[in-house]
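Some notes on the structure that comes next.
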Amino acid sequence: MSDAAPTTIYLKDYTPFGYLIDSVHLTFDLAAHATRVTSRIAFRPNPDARDRKFFLHGEQLRLIRAAIDGAEIAPEVTDEGLTANVPNAPFVWETEVEIDPGNNTALEGLYMSNGMYCTQCEAEGFRKITFYPDRPDVMSTFTVRINGDLPVLLSNGNPTASGQGWAEWTDPWPKPAYLFALVAGDLIAYPDQFTTKSDRGVELNLWVRPGDEGKCAFGMEALKKSMKWDEEVYGREYDLDVFNIVAVDDFNMGAMENKGLNIFNSSAVLASPETSTDANFERIEAIIAHEYFHNWTGNRITCRDWFQLCLKEGLTVFRDAQFTSDMRSAPVKRIHDAIDLRARQFPEDNGPLSHPVRPESFQEINNFYTSTVYEKGAEVIGMLKRLVGDEAYSKALNLYFDRHDGQACTIEDWLKVFEDTTGRDLTQFKRWYSQSGTPRISVSESWDSGTYTLTLSQETHPTPGQSEKLPQVIPVAFGLLGPNGDEVRGTQVLELTEATQSFQFTGLAAKPIPSILRDFSAPVILDHGHSNADRAFLLAHDTDPFNRWQAGRSLAEDNLFRMITQDSAPDGQFLDGLLAVLRDGDLDPAYRALMLQLPSQSELASTLYDSGHTPDPLAIWTAIETLKQATAQHVQDLLPRLHSESLVDAPYQPDAEQSGKRALGNAALALTTRLDSGTQAAAEYDRANNMTQQLASLACLLRAGKGETQLSSFYDQWQHDRLVLDKWFGLQISLTSPDATPAVALGLTQHPEFNWKNPNRFRALLGSLATNHAGFHHADGSGYQLLADWLIRLDPVNPQTTARMCTAFQTWKRYDDKRQALMRAQLTRISETPNLSRDTTEMVSRILDA
Ligand code: TRP
Ligand code: ZN
């Protein structure tokens with residue numbers, strides 16, 4: 001459709017819309033292939049705008065009628081919207097359009113999923129529902145009437161009237177169109193209620209398809225915990241009579257924070273012990289919290305334009321991380337977040353798709369719902385909080401909510417509340433929002449009769465569009481340990497603001513060992529310059545749980561690095577340190593399980609590439625396998641004890657304590673499987689009475705090249721459950737030997753249950769291929785080709801999901817010439833596909849332009 005040259009939109013070009021909206025009335029007459037949408041919108045000229053051009057977005061709409069103040073008009077309509085002449089005074093705008101939700105496979109706008117109508121309007125989906133100024137700074141109250149022959153008819157706000165075959169909803173809070181939602185279907189409620197701190201009763205419902213009622217309890221508890229937490233920690237109360245959540249099977253992302261009517265990917269809300277792993281439960285709790293927290297950070301205070309996306313997403317991710325830390329273990333959450341940031345955000349920030357936390361231009365906004373905007377955006381808030389302190393942070397947040405409630409805001413507004421609260425000049429700090437790339441910190445130290453000097457230097461490599469980088473404000477949490485392991489300087493925050501800066505510590509009895517970047521206080525790449533002896537020392541003694549874990553991680557990484565580049569063997573320093581940690585029964589099992597997790601293949605590929613080596617995927621895979629085997633042998637005697645420490649005799653609960661035990665037990669099982677060729681794993685599989693145990697033992701077997709019978713009985717047991725079947729698809733591709741991965745994936749694409757138009761199923765199969773490092777990078781290029789084949793097939797059906805999955809190729813320039821050529825060929829083939837979507841065109845051209 002959009003064959004025209006792609007247009008780029010710039011932050012600097014922002015201008016307000018020429019009109020304000022006082023109210024919106026929508027009527028939906030639902031029909032699968034001919035839904036009628038009638039709008040009545042009260043516009044008036046915006047006194048703060050100069051440009052009075054009246055343009056309404058609208059895509060894939062059949063215009064039936066348009067009128068101004070009751071008089072029919074004939075507006076000029078293009079593929080992108082309509083233009084009309086309107087009075088220079090308040091007027092009532094009416095249109096009637098027809099849309100086809102039954103053929104909407106892109107899952108943006110109004111679409112159908114298993115016979116149920118639902119919507120996804122962020123970022124620019126509302127324009128596929130009716131003509132409207134579809135931009136977040138245009139806010140209005142909405143009244144919605146739904147006519148449809150379905151038992152459940154939902155929209156935003158409070159229910160205000162209903163009858164047989166119709167319902168009316170009114171949302172009293174002004175909102176932008178991207179927060180609009182409608183759901184209609186044969187749904188079942190899982191009800192509950194919540195009383196807010198000012199005694200307002202709220203009716204809660206989780207709406208699911210018949211058959212899923214048994215998977216609602218956990219999500220509902222998570223919602224109530226989130227509501228309570230936001231009252232206690234941020235003083236934020238809920239503001240409607242009802243809060244509805246709907247589970248939908250076909251969804252492009254995790255979930256969406258529509259006002260009073262959150263819509264969730266069923267994988268992000270439905271859970272039961274039999275069908276969901278501990279990790280699934282934790283993720284669901286976090287996503288429920290995230291969407292709920294958006295009610296204040298996103299909905300009550302929204303974004304002026306999409307360049308400000310991190311205003312709501314970075315802050316809301318930060319808030320959900322705080323929530324998870326409070327509900328579970330703070331150090332474990334911090335370590336998980338660092339692992340994820342390094343796995344996803346660092347490659348993005350240091351490759352062709354690198355962009356600032358607040359981008360300055362885009363072609364397709366859907367392509368900027370990235371790990372940089374979300375996760376690095378959250379890290380920036382964490383740094384700000386660390387710099388100003390907890391008390392100032394909460395004062396600044398209160399000011400933010402007071403000052404900006406009901407507004408569409410910018411990062412400037414956000415930073416201003418911190419400046420006004422603290423008197424601090426945040427000009428340099430603001431570079432975190434505009435400068436892309438991951439800062440790299442290097443360390444040197446000196447010791448001179450009682451005085452220890454630490455010198456930190458920062459450098460950021462050039463990124464697309466930004467060749468010069470300026471120093472950033474980097475809070476480096478830091479402590480010093482004495483040679484006997486005692487802490488001689490407790491944690492303090494060093495503020496690194498210059499390219500190079502020294503910090504002195506006097507009055508020390510002996511040369512200390514530094515613990516730098518405690519709690520992962522900034523999203524940077526730190527080259528400690530530590531010797532392995534220092535690392536082993538920190539692994540044994542650091543009081544900061546993050547850095548203690550990091551020391552073990554660095555030892556493992558260094559060992560793997562030398563195994564790959566110098567043919568070294570697994571070494572004692574890492575293995576002995578690990579053994580000591582595992583033996584320490586006082587340490588949280590979850591934490592010990594994390595200690596056992598080696599760096600991922602792709603993380604090693606990054607490290608190798610950064611130090612001037614060309615990563616060889618098979619060599620990386622082999623080194624990791626070898627080190628795991630050596631670990632198994634080294635800790636062999638301890639494995640029975642770890643197993644018994646991991647046993648839970650209480651009924652299954654997906655809480656931090658039980659999941660930590662299971663994580664440790666399953667990490668031990670993985671090692672045991674390397675020694676007993678699967679006897680124990682097979683027994684565990686037979687005994688498993690929850691999905692965590694069942695999947696972990698099956699994974700152990702598959703990794704050992706066994707488990708064929710278990711895999712097929714798993715299929716027989718779970719073929720009726722779409723979410724478990726996603727796991728069945730993914731597991732096989734993640735765990736075959738690299739040589740077989742592309743062929744196994746290809747075979748599964750022929751499976752009758754490979755419903756490729758369902759994003760969860762597509763991701764389960766092709767996403768697992770893309771994240772199996774050695775398998776995807778198979779030397780013959782078959783992994784690349786298979787992924788490209790399917791991206792080309794999916795693009796006309798679902799551009800958003802296709803574009804997102806192109807990121808599998810973002811690191812193509814790291815590899816050897818042969819692999820580069822193979823990847824380039826596939827990227828070129830995708831880019832030359834006729835009628836390629838705007839989403840995918842932008843992604844592929846950015847990746848290729850590297
Ligand atoms: N705003 C959603 C969130 O909570 C993200 C989201 C859901 C989204 N669906 C989307 C973004 C579709 C773009 C397109 O993070
Ligand atoms: Zn969000």
Side-chain angles (χ1 to χ4, degrees), residues 59 104-111 113 118-129 134-136 156 175-181 183 222-223 226 230 245-269 283-303 305-324 344 357 359 362 364-378 381 759-760 763 798-805 837-839 842-843:
E59 289 175 15
N104 181 350
T105 57
L107 317 181
E108 295 171 341
L110 179 68
Y111 65 94
S113 172
C118 60
T119 54
Q120 172 55 42
C121 293
E122 186 176 7
E124 299 181 332
F126 193 74
R127 63 189 63 182
K128 295 180 170 181
I129 292 175
D134 189 6
R135 39 185 290 169
N156 315 90
K175 67 167 176 290
Y178 83 86
L179 291 172
F180 169 81
V183 169
L223 174 60
S226 306
D230 214 14
I245 292 180
V246 183
V248 173
D249 287 334
D250 298 279
F251 204 71
N252 281 333
M253 309 268 282
M256 180 62 211
E257 69 264 24
N258 317 300
K259 184 78 188 192
L261 179 53
N262 287 2
I263 298 183
F264 274 62
N265 186 323
S266 46
S267 75
V269 56
R283 174 170 179 264
I284 287 169
E285 185 176 80
I287 298 182
I288 297 225
H290 179 97
E291 305 312 332
Y292 175 72
F293 296 160
H294 268 314
N295 191 54
W296 275 93
T297 53
N299 301 2
R300 290 284 288 257
I301 304 179
T302 193
C303 301
D305 54 69
W306 291 120
F307 297 103
Q308 321 295 330
L309 183 58
C310 65
L311 179 77
K312 74 177 177 81
E313 295 303 347
L315 178 54
T316 306
V317 171
F318 181 71
R319 276 152 49 70
D320 82 56
Q322 287 182 299
F323 171 78
T324 299
R344 288 203 282 269
V357 168
F362 62 74
E364 172 51 63
I365 185 57
N366 282 336
N367 291 336
F368 285 84
Y369 285 74
T370 61
S371 169
T372 297
V373 169
Y374 276 64
E375 276 77 31
K376 188 177 179 182
I381 291 169
N760 289 359
R763 282 188 286 255
N798 185 334
Q800 196 183 326
T801 290
T802 307
R804 188 160 265 275
M805 292 188 64
S837 68
R838 174 172 61 192
D839 309 55
E842 181 187 27
M843 290 297 274

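Counting starts at 1 for both ligands and their atoms, in listed order. Atom set for the values below is all heavy atoms of this structure, side chains included, hydrogens, waters and symmetry mates excluded.
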List, ordered by chain and residue number, the protein residues whose closest non-hydrogen atom lies under 4.0 Å from any atom of ligand 1.
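Residues near ligand 1: Gln120, Glu122, Met253, Ala255, Met256, Glu257, His290, Glu291, His294, Lys312, Glu313, Asn366, Tyr369, Tyr374, Gln800.
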
So the angle subtended at the Zn ion (ligand 2) by His294 atom NE2 and Glu313 atom OE2, rounded to 10 degrees, is 90°

Compare every heavy atom of [Y] with every heavy atom of [X], then report the nearest pair and how far apart it is.
{"X": "Glu291", "Y": "Met256", "value": "OE1-C, 3.7 Å"}
{"X": "Asp250", "Y": "Ser113", "value": "OD2-OG, 2.6 Å"}
{"X": "Asp839", "Y": "Asn367", "value": "O-ND2, 3.0 Å"}

Mind checking whether Phe264 and Ile288 have side chains closer than 4.5 Å, heavy atoms only?
-> yes

The N/O/S atom of His290 lying closest to the Zn ion (ligand 2) is NE2

| field | Thr802 side, atom OG1; Met843 side, atom CE - distance, nearest 0.5 Å | value |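 Between atom OG1 of Thr802 and atom CE of Met843 there are 11.0 Å.
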
- Item | Separation between CG of Asn258 and OG1 of Thr119, rounded to the nearest 0.5 Å |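 Rounded to the nearest 0.5 Å, the CG-OG1 separation comes out at 5.5 Å.
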
Does the ring centre of Phe307 sit less than 6.0 Å away from the ring centre of Phe368?
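No; Phe307 has its ring centre 6.0 Å or more from that of Phe368.
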
- Taking both backbone and side chain into account, is any N, O or S atom of Glu291 nearer than 2.8 Å to the Zn ion (ligand 2)? no

